[in-house]
Novice: 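Please read through the structure below; I'll follow up with questions.
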Amino acid sequence: MNIFIDGGTAMLRDHNEIIRNRYAKADALRAERINPYVNRWLPTHSSQQIRACQEQLAADKTRVRFAGRIVGMRHMGKASFIHLKDEKGRLQAYLKKDILPEADYKVFKEYSDLGDIAGVEGEVFVTRTGELTIQALSYTLLSKSVRPLPEKWHGLRDVETRFRQRYVDLIVNDGVRETFVLRSRLVSSMRNYLAGRGYLEVETPMMHTVCGGATARPFKTHHNALNMDLFLRIAPELYLKRLMVGGIEKIFEINRNFRNEGISTKHNPEFTMLELYTAYWDYRDTMALTEYMIRHIARESFGRTEFEFGDIRFDLGPAFPRVTYLDAIRRWVPGAADADLRWDDPPETTLEKMRPFHTPEFRGPSYQMIIDLFEHRVEPQLIFPVYITEFPKAVSPLAKSKPDEPLVAERFELFICGMEIANGYSELNDPREQYECFRQQVEAKARGDDEAHDMDEDYIRALEYGMPPASGLGVGIDRVTMILTNSPSIRDVILFPLMKPEW
RNA sequence: GGGCGUGUAGCUCAGAGGUAGAGCAGCGGACUUUUAAUCCGUUGGCCGAAGGUUCGAUCCCUUCCACGCUCACCA
């Protein structure tokens, strides 16, 4: 039957014949006083429950009510098989003309399409080919779908459409939902782990008047009533440490940060961080916590510690080795085994020492050339879990120096699969030293470094009241999810990654 | 931002300087236990956008847009 009722209102620019036709079906249903978008229809069982109790349900001839999206349809003359998919799986229903009420059969046969949400009530049986099926005694169209789904066995491959229309991706591509279920599970696991150890979860401002806590360009916004520029936060760090001043000794926040930087398979402008602070600890204690926590969430969420990421295999079970920054260079850069690099060497000396194995891409202070070397030659090799420690103080303005080495910060980063997964340090709490660091940052900014910190006078004032010795941690939740779910791009673990407008 | 690549029907993809193809979906028909059901018939396209070259461009050239990979920046 070819329905062309000119009542459907085309609303979007891409409406085609299929869509117009389906809108016409919805109108035709309305004309017969059947609501194509019903208000309420409660299933008695999920597909999972029916599957689990199938023998019992079949033996008792229990009437089950089951609802889902029609993802498969096979008409056999006056009978049809359809597959209904709910959140937990898909289940077949068998619709026979001489069993269904006439009206129900008409709604199914004339007005239902692949993609519609429908409910059936009936008895459970097994077909002669062995498939668990509901013999439908009634059929209800619950929500009319007017837009055709992607093709049934190639599915939706186009990555752009998958990200822009994640709802379709979730409908069609099994495994996408699984990734986000796992993400949710591991975040819950993390929360429970920390709550169980006495950490208080807090929420600090996303809109900052002073931008700080990390080195990154911010997004700028504006408050109209106050006529004031604001920044989306690049890190919650300085607020969390204010709370440490306030006497909260164990604290964490899991939430979004925003950085106005490039986009890549490892970078989304908004991303989720765990930040955590513990009073009276130093960075070694935080390293231990980080390791236990990551191992714990892996076991609790996945039941294992061994994972694959692309063609990399790694194990979170064994202790994570700790290697200092300069040792890592000696260890992983060919020809650098005997290099005696020092943060305080003059640039010419560092250049001379590096000549046998590396030519920096630029000339600058020794620490910058060493960092350049590390990031290009060492980082890609850090695929198994490893802590890199003893970073240069010059790039750690919020970290505390080692007692006997003022140029070296008590700081670590955790690398897995060549990615920086976590970053932590002993927190600088000397207000004068912090002020001096900020002052240098402000100078750098004045010289054109647009990622340098601003002066945060209130933060200095807070430190003047006294912050206990403490250590903090930041963990990139998206990246942890990537490596644990074997997702090659950060966009695979963010439901709605940022895209330029389509239209 | 640079480099490389992609963009053709709702989806997955072919194609070629001469005016557009397949499979699935859709539509019409047959079929009361199918499984990518099958069988017969059939409708869909501003070939990403705009210019240019040409008798003729979806194809060649230029610019633009979107997306992917990659480098840079960064977590």
Side-chain angles (χ1 to χ4, degrees), chain A residues 1-4 14-22 24-25 71-83 90 92-100 105 113-115 125-133 135 145-165 168 171-173 213-217 234-235 256-275 361-362 372 375-376 379 395 413-415 419-423 449-451 474-480 482 488-491 497 499-503:
Chain A
M1 177 174 165
N2 201 353
I3 303 167
F4 272 110
D14 62 343
H15 279 185
N16 59 21
E17 184 189 343
I18 296 174
I19 293 175
R20 286 195 303 270
N21 207 335
R22 291 205 192 178
K25 289 185 185 179
V71 293
M73 237 175 176
R74 288 178 294 281
H75 299 297
M76 309 283 306
K78 296 181 177 57
S80 299
F81 291 93
I82 62 175
H83 272 122
R90 55 186 67 194
Q92 183 169 259
Y94 186 40
L95 312 181
K96 284 171 89 168
K97 186 178 185 184
D98 55 10
I99 289 185
L100 281 172
Y105 189 76
D113 291 293
L114 220 47
F125 76 108
V126 175
T127 65
R128 68 176 177 208
T129 52
E131 179 161 354
L132 181 65
T133 302
Q135 170 82 258
S145 163
V146 298
R147 205 168 266 272
L149 287 174
E151 195 228 354
K152 59 185 165 190
W153 69 82
H154 291 105
L156 179 64
R157 297 246 177 91
D158 183 73
V159 285
E160 181 175 352
T161 311
R162 285 189 48 224
F163 295 150
R164 284 194 194 281
Q165 302 182 45
V168 181
I171 291 168
V172 191
N173 292 327
T215 51
R217 279 189 291 271
I234 56 174
R256 225 67 65 81
N257 289 345
F258 306 87
R259 298 192 186 173
N260 208 337
E261 311 273 0
I263 295 175
S264 79
T265 47
K266 294 174 181 140
H267 304 267
N268 195 61
E270 50 178 316
F271 63 102
T272 302
M273 280 262 285
L274 161 69
E275 274 211 21
E361 290 182 0
F362 60 91
D372 176 64
E375 290 180 350
H376 284 91
E379 270 191 31
V395 295
E413 287 188 357
L414 172 63
F415 287 88
M419 274 193 289
E420 185 191 333
I421 297 294
N423 173 20
D449 179 356
D450 52 3
E451 290 186 352
V475 178
I477 299 294
D478 311 278
R479 289 184 175 180
V480 170
M482 283 171 69
S489 168
I490 196 167
R491 294 178 150 202
M499 307 283 275
K500 289 192 181 178
E502 183 177 5
W503 289 322

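No hydrogens, no waters, no symmetry mates; every other heavy atom, side chains included, goes into these values. Residue numbers begin at 1 in each chain, while the letters A, B, ... track the order of the sequences. Note that the coordinates shown come from a computational prediction; the quantities given were computed from them, not determined experimentally.
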Novice: Using purine N1 to pyrimidine N3 plus N6-O4 or O6-N4 for Watson-Crick, or N1-O2 and O6-N3 for G-U wobble, each under 3.5 Å, what pairs with U42(B)?
Specialist: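 Per the H-bond distance test, G26(B).
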Novice: C13(B), OP1 or OP2 - any side-chain N/O from Arg157(A) closer than 4.0 Å?
Specialist: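 Yes, Arg157(A) has a side-chain N/O under 4.0 Å of OP1/OP2 on C13(B).
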Novice: Looking across every strand, which nucleic acid part, if any, lies under 4.0 Å from Met499(A) by heavy atom: base, sugar-phosphate, or nothing?
Specialist: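 Sugar-phosphate contact only.
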Novice: Of the options C31(B), C27(B), A37(B), whose atoms approach the side-chain atoms of Arg74(A) most closely?
Specialist: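 So the side chain of Arg74(A) is nearest to A37(B).
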Novice: Is there a side-chain contact between Thr215(A) and the phosphate of A75(B), meaning an N or O under 4.0 Å from OP1 or OP2?
Specialist: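 Answer yes for this pair, as a side-chain N or O of Thr215(A) is under 4.0 Å from OP1 or OP2.
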Novice: Would you say Arg128(A) reaches U33(B)'s phosphate, i.e. side-chain N/O to OP1/OP2 under 4.0 Å?
Specialist: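 Checking U33(B) against Arg128(A), no side-chain N or O comes under 4.0 Å of OP1 or OP2.
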Novice: So Asn268(A), base contact, sugar-phosphate only, or nothing? Heavy-atom distance under 4.0 Å.
Specialist: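 Result for Asn268(A) = base.
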Novice: Classify Tyr105(A) by what it touches in the nucleic acid, base, sugar-phosphate, or nothing, heavy-atom distance under 4.0 Å.
Specialist: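 No contact.
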Novice: Report yes or no: does Arg259(A) contribute a side-chain atom to a donor-acceptor pair with the main-chain N or O of Ile234(A) at less than 3.5 Å?
Specialist: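 Pair found, side chain donor or acceptor close to backbone of Ile234(A).
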Novice: On a whole-Å scale, what distance lies between the P atoms belonging to C71(B) and C11(B)?
Specialist: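 One P to the other, the span is 31 Å.
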Novice: Rounded to whole angstrom, note down the C1' distance from G23(B) over to A37(B).
Specialist: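 It comes out at 16 Å once rounded to the nearest Å.
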Novice: Give the ring-plane orientation class for Phe125(A) versus Tyr94(A), where under 30° counts as parallel, over 60° as perpendicular and anything between as tilted.
Specialist: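 Tilted.
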Novice: Of the candidate nucleotides U34(B), G10(B), C11(B), which contains the atom at the shortest distance from the side chain of Pro150(A)?
Specialist: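 The listed nucleotide nearest to Pro150(A)'s side chain is C11(B).
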Novice: Would you classify G15(B) as syn or anti? Syn applies when the glycosidic angle is within 90° of 0.
Specialist: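 Here G15(B) takes the anti form, which means its glycosidic angle is more than 90° from 0.
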Novice: At less than 4.0 Å, is any side-chain N or O atom of Arg164(A) found next to OP1 or OP2 of C67(B)? Yes or no.
Specialist: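 True: Arg164(A) side-chain N/O within range (under 4.0 Å) of C67(B) OP1/OP2.
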Novice: Hunt down the Watson-Crick or G-U wobble partner of C13(B), both distances under 3.5 Å, from any strand shown, or write none.
Specialist: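 Pair assignment: C13(B) / G21(B).
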Novice: Just checking Glu151(A): base, sugar-phosphate only, or nothing, at a heavy-atom cut-off of under 4.0 Å?
Specialist: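 Result for Glu151(A) = base.
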Novice: Would you say Lys152(A) reaches A25(B)'s phosphate, i.e. side-chain N/O to OP1/OP2 under 4.0 Å?
Specialist: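 It does, given that an N or O in the side chain of Lys152(A) lies less than 4.0 Å from OP1 or OP2 of A25(B).
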Novice: Closest heavy-atom contact between Val172(A) and Pro150(A)?
Specialist: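 Val172(A) and Pro150(A) have their closest heavy atoms at CG2-CD, 3.7 Å.
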Novice: Nearest of C69(B), G10(B), A37(B) to any side-chain atom of Met76(A)?
Specialist: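 Output: A37(B).
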Novice: Using Watson-Crick or G-U wobble geometry with both distances under 3.5 Å, which nucleotide pairs with A49(B)?
Specialist: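 Checking every strand shown, A49(B) finds its partner in U63(B), with both distances under 3.5 Å.
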Novice: Can you tell me which nucleotide in C31(B), A75(B), U34(B) comes closest to the side chain of His75(A)?
Specialist: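 Given the options C31(B), A75(B), U34(B), the side chain of His75(A) is closest to C31(B).
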Novice: Nearest of A75(B), U43(B), U33(B) to any side-chain atom of Glu420(A)?
Specialist: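 The closest nucleotide is A75(B).
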Novice: Any base atoms under 4.0 Å from Asp113(A), or only sugar-phosphate, or nothing? Heavy atoms, all strands.
Specialist: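 The residue Asp113(A) makes sugar-phosphate contact but no base contact.
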Novice: Is the shortest side-chain N/O distance from Lys500(A) to OP1 or OP2 of A66(B) below 4.0 Å?
Specialist: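 Yes, because at least one side-chain N or O of Lys500(A) sits under 4.0 Å from OP1 or OP2 of A66(B).
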Novice: Given A75(B), is OP1 or OP2 found less than 4.0 Å from the side-chain N or O atoms of Asn423(A)?
Specialist: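 For A75(B), OP1/OP2 do not have a side-chain N/O of Asn423(A) under 4.0 Å.
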Novice: Nearest heavy atom decides the nucleotide; on that basis, is Pro148(A) or Gln92(A) closer to the 5' end of RNA chain B?
Specialist: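 Nearer the 5' end of the strand: Pro148(A).
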Novice: Kindly say whether, by distance alone, the side chain of Asp158(A) makes a donor-acceptor pair under 3.5 Å with the base of U12(B)?
Specialist: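 In this structure, the two groups form no donor-acceptor pair.
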Novice: Among A75(B), G10(B), C31(B), which nucleotide sits nearest the side chain of Arg479(A)?
Specialist: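 Out of A75(B), G10(B), C31(B), the nucleotide with an atom closest to Arg479(A)'s side chain is A75(B).
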Novice: Looking at every strand, decide which applies to Gly72(A) at a 4.0 Å heavy-atom threshold: base, sugar-phosphate, or nothing.
Specialist: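 The answer is nothing, as Gly72(A) stays clear of every strand by at least 4.0 Å.
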Novice: Go through U32(B), U34(B), U12(B) for me and flag the one nearest to the His154(A) side chain.
Specialist: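 Nearest nucleotide to the side chain: U12(B).
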Novice: For nucleotides G21(B) and C69(B), find the distance between their C1' atoms and express it as a whole number of Å.
Specialist: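 Comparing C1' positions in G21(B) and C69(B) gives a spacing of 30 Å.
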Novice: Could you say whether Phe163(A) or Asp372(A) is positioned toward the 5' end of RNA chain B, judged by the nucleotide with the nearest heavy atom to each?
Specialist: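 First, find each residue's nearest nucleotide; the 5'-ward one identifies Phe163(A).
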Novice: Short question: side chain of Arg162(A), backbone of Leu156(A) - any donor-acceptor pair under 3.5 Å?
Specialist: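 The answer is no, because no donor-acceptor pair under 3.5 Å joins these two groups.
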Novice: May I ask which nucleotide in the shown strands pairs with U33(B), Watson-Crick or G-U wobble, both distances under 3.5 Å?
Specialist: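 In the structure as shown, U33(B) has no Watson-Crick or wobble partner.
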Novice: Could you measure between the two P atoms, the one in C39(B) and the one in C24(B), and give it in whole Å?
Specialist: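 Per the computed distance, 9 Å lies between those P atoms.
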Novice: Measure the distance from CD on Glu160(A) to P on C11(B) and round it to the nearest whole Å.
Specialist: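 Whole-Å distance recorded here is 11 Å.
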Novice: Quantified in whole Å, what is the C1' atom distance between nucleotide A50(B) and nucleotide U58(B)?
Specialist: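 Here A50(B) and U58(B) have their C1' atoms 15 Å from each other.
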Novice: Just N and O in the side chain of Thr265(A): are any of them under 4.0 Å from OP1 or OP2 of U70(B)?
Specialist: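 For U70(B), OP1 or OP2 has a side-chain N or O of Thr265(A) closer than 4.0 Å.
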Novice: Return yes if some donor-acceptor pair links the side-chain N/O of Asn423(A) with the main-chain N/O of Gly474(A) below 3.5 Å, else return no.
Specialist: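 No, the answer is negative, given that no donor and acceptor are paired below the 3.5 Å cut-off.
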Novice: Would you check if the side chain of Gln92(A) reaches a backbone N or O of Leu132(A) as a donor-acceptor pair within less than 3.5 Å?
Specialist: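 Flag not set: sc Gln92(A) to bb Leu132(A) has no pair under 3.5 Å.
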Novice: Whether His376(A) contacts A72(B) is assessed here as follows: a side-chain N or O lying under 4.0 Å from the phosphate OP1 or OP2. Is that the case?
Specialist: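 It does, given that an N or O in the side chain of His376(A) lies less than 4.0 Å from OP1 or OP2 of A72(B).
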Novice: Expressed as a whole number of Å, how far does the C1' atom of A57(B) sit from that of U53(B)?
Specialist: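 Straight-line distance between the two C1' atoms is 10 Å.
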Novice: Does Gly262(A) reach a base, just sugar-phosphate, or nothing at all? Heavy atoms under 4.0 Å.
Specialist: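 Base: the residue Gly262(A), judged by heavy atoms under 4.0 Å, touches a nucleobase.
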Novice: With a 3.5 Å cut-off and heavy atoms only, can you find an N or O donor on one side and an acceptor on the other between the side chain of Glu131(A) and the base of U34(B)?
Specialist: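 Answer is no: no donor-acceptor pair is held.
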Novice: Can you check whether Lys25(A) has a side-chain N or O nearer than 4.0 Å to OP1 or OP2 of C27(B)?
Specialist: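 So the side-chain polar atoms of Lys25(A) do come within 4.0 Å of the phosphate oxygens OP1 or OP2 of C27(B), strictly under.
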Novice: Using the C1' atom as the point on both nucleotides, what is the distance between G44(B) and A9(B), in whole Å?
Specialist: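 Going atom to atom, C1' in each nucleotide, I get 6 Å.
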Novice: In the strands shown, is C4(B) matched to any nucleotide by a Watson-Crick or G-U wobble pair with both distances under 3.5 Å, and which?
Specialist: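 With both distances under 3.5 Å, C4(B) matches G68(B).
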Novice: Can you check the distance between U63(B) and A25(B), where both ends of the measurement are the C1' atom (answer in whole Å)?
Specialist: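 Here U63(B) and A25(B) have their C1' atoms 37 Å from each other.
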